[in-house]
Amino acid sequence: MNTIISGATLFDGTGRAPIENGVLVMEGSRIAAVGSAAEIARPAEAAVIDAEGMVVIPGLIDAHIHLELHGMADTYQENLVEDKLRTLRAAKEMETTLRSGFTAVRNVGSANGIDFAVKAGIAEGYTKGPRIITSGKIITMTCSGTDYFAGMYRVADGVDECRKAAREQLRDGADCLKVMATGAVMNPGGVPGAPQLGVNEMRAVVEEGLKLGKHTAAHAHGAKGIANAVKAGCRTIEHGTMADSDAIKAMADAGAYLVPTMCLHGIFEAHADQVPSFMVEKSRAMQGRHVEIVAEALAAGVKLAIGTDAGTNYNYHGQNFQEIMYVVTAGLMSPADALVTATKHTAEAIQLGDSIGTLEVGKRADAVVLDGDPLADITILGDPERIAMVFKGGRRQF
Ligand SMILES: [Zn+2]
């Protein structure tokens, strides 16, 4: 089945200027042709969608979510919801995420295999959702606070245990791995600036992933932990809140991606009377220089990927556009650069750069048709009325 989207402006995600009066030809699950109406030969048999006045962009990508968390005021309350119910809830959340124009997500830490179940449910067609790259449980050293997220952490100490923990996640179906290189804001007693797993421990995890061609993401706030994670070979650094110039240089030299999840900043503050005070206090102490640090990282050549930490307190699935808006409103990027980051670069960060992230011939046909121009007004990404159509693998989803 061929589908043609005709007459729209095409923003292909490669960094090139938009194509006016464009034509996107989808053949089966892939893009068969893309360009201006004058230069594209249309297949004779095709369903044609007239999208004059619309803008087509590649499907958006979020590199950092937790699909079984529900944005509850205190994440501890998630533990009180039974796993089967959480699985159904997560499936619904992924449908909402896809509806909002996000056709791929990387899930970096879920409890009790809920991520694998939801991913399988989408693959088998029981429910709609984005492409999901998922890590299984988060590999962490013995430390305080892990019980706060029951079933989400795999505690491992020493190289051998870390290796085994990685193998367990891969056995269960993980597409990537996730390690704790520093303490966390959201764990009681966690010290975000303090390093946790050592270089050799994380390297064992990275090695096990790479045997299967899979990458490792590192939760890392403090500078020492970031440097450790980069040295161990982690592909993406999550948060990076307290990076110093050495940590930034290490990321740039290694080609590691930074997923700064900055849209979290205002959330705890806005709900300070509901969110547990230890989380509010820690985030207050840390986020002051984060935008400045990310600006330094960009200037040093560090590659950025878009991630929201969706599912955490008041940080709802389907609101994933928030991070794209944040990088624009904070003055870090133009709308065009933010869109390339949320598509091409984020696809590359999660190892899907060969198959998605841009509207190019041969790639999977993941695309969003917008009623409005995001380059003129990036906030339209947050308006469900303006997300006119969503395609995943050449099939219209919404
Ligand atoms: Zn997270």
Side-chain angles (χ1 to χ4, degrees), residues 61-72 74-76 78-79 86 90 93-94 97 102 105-112 114-115 118 132-140 143 145-146 148-154 169 174-188 190-192 196-197 202 205 215-222 225-226 229 234-242 257-265 267-268 275-276 278-279 282-283 286-287 290 294 304-320 322-323 326 346 349-350:
I61 307 171
D62 189 330
H64 190 131
I65 71 158
H66 301 278
L67 57 76
E68 88 290 13
L69 300 180
H70 192 54
M72 291 169 125
D74 180 350
T75 30
Y76 186 79
E78 310 272 0
N79 299 329
R86 292 178 91 185
E93 305 275 35
M94 290 304 93
T97 300
F102 281 76
V105 295
R106 186 181 61 169
N107 185 71
V108 281
S110 275
N112 304 327
I114 292 172
D115 48 343
V118 171
I132 298 178
I133 296 291
T134 194
S135 70
K137 295 186 180 188
I138 302 169
I139 300 170
T140 180
C143 62
T146 49
Y148 211 77
F149 295 87
M152 188 194 254
Y153 290 104
R154 164 63 162 92
Q169 307 319 307
D175 308 294
C176 61
L177 295 161
K178 167 92 178 282
V179 292
M180 295 297 279
T182 71
V185 171
M186 295 173 56
N187 289 1
V191 180
Q196 290 201 334
L197 287 172
M202 288 189 279
V205 173
H215 70 276
T216 297
H219 163 104
H221 288 292
I226 294 169
C234 294
R235 183 178 180 89
T236 65
I237 300 298
E238 312 301 308
H239 315 304
T241 323
M242 300 153 88
Y257 289 82
L258 175 61
V259 189
T261 62
M262 290 176 288
C263 64
L264 293 170
H265 289 172
I267 296 179
F268 286 177
V275 172
F278 75 86
M279 294 187 197
K282 277 197 267 183
S283 69
M286 290 164 58
Q287 67 196 30
H290 199 190
V294 174
L304 219 71
I306 289 293
T308 56
D309 228 344
T312 55
N313 321 48
Y314 294 99
N315 184 5
Y316 300 111
H317 296 284
Q319 303 286 306
N320 312 62
Q322 295 278 7
E323 183 73 2
Y326 197 102
T346 303
I350 65 172

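Reckoned from all heavy atoms, side chains included, excluding hydrogens, waters and symmetry mates. Counting convention: from 1, in listed order, for ligands and their atoms alike.
Note on ring orientation: taking the six-membered ring where Trp is involved, the planes of H239 and H219 are perpendicular (angle over 60°, cut-offs 30° and 60°).
Within the 4.5 Å cutoff, the side chain of M152 has heavy atoms near those of the L69 side chain. Side-chain atoms of Y153 and N187, non-hydrogen and from C-beta on, do get closer than 4.5 Å to each other. Within the 4.5 Å cutoff, side-chain heavy atoms of F149 are placed close to those of M186.
For H265, the ring pair (Phe, Tyr, Trp, His ring centres under 6.0 Å) criterion is met by H290, Y326, not counting sequence neighbours.
Near-neighbour remark for the Zn ion (ligand 1): protein N, O or S atoms under 2.8 Å are H64 NE2, H66 NE2, D309 OD1; waters not counted.
Checked by atom type, the side-chain pair D309/N315 shows no donor-acceptor distance below 3.5 Å.
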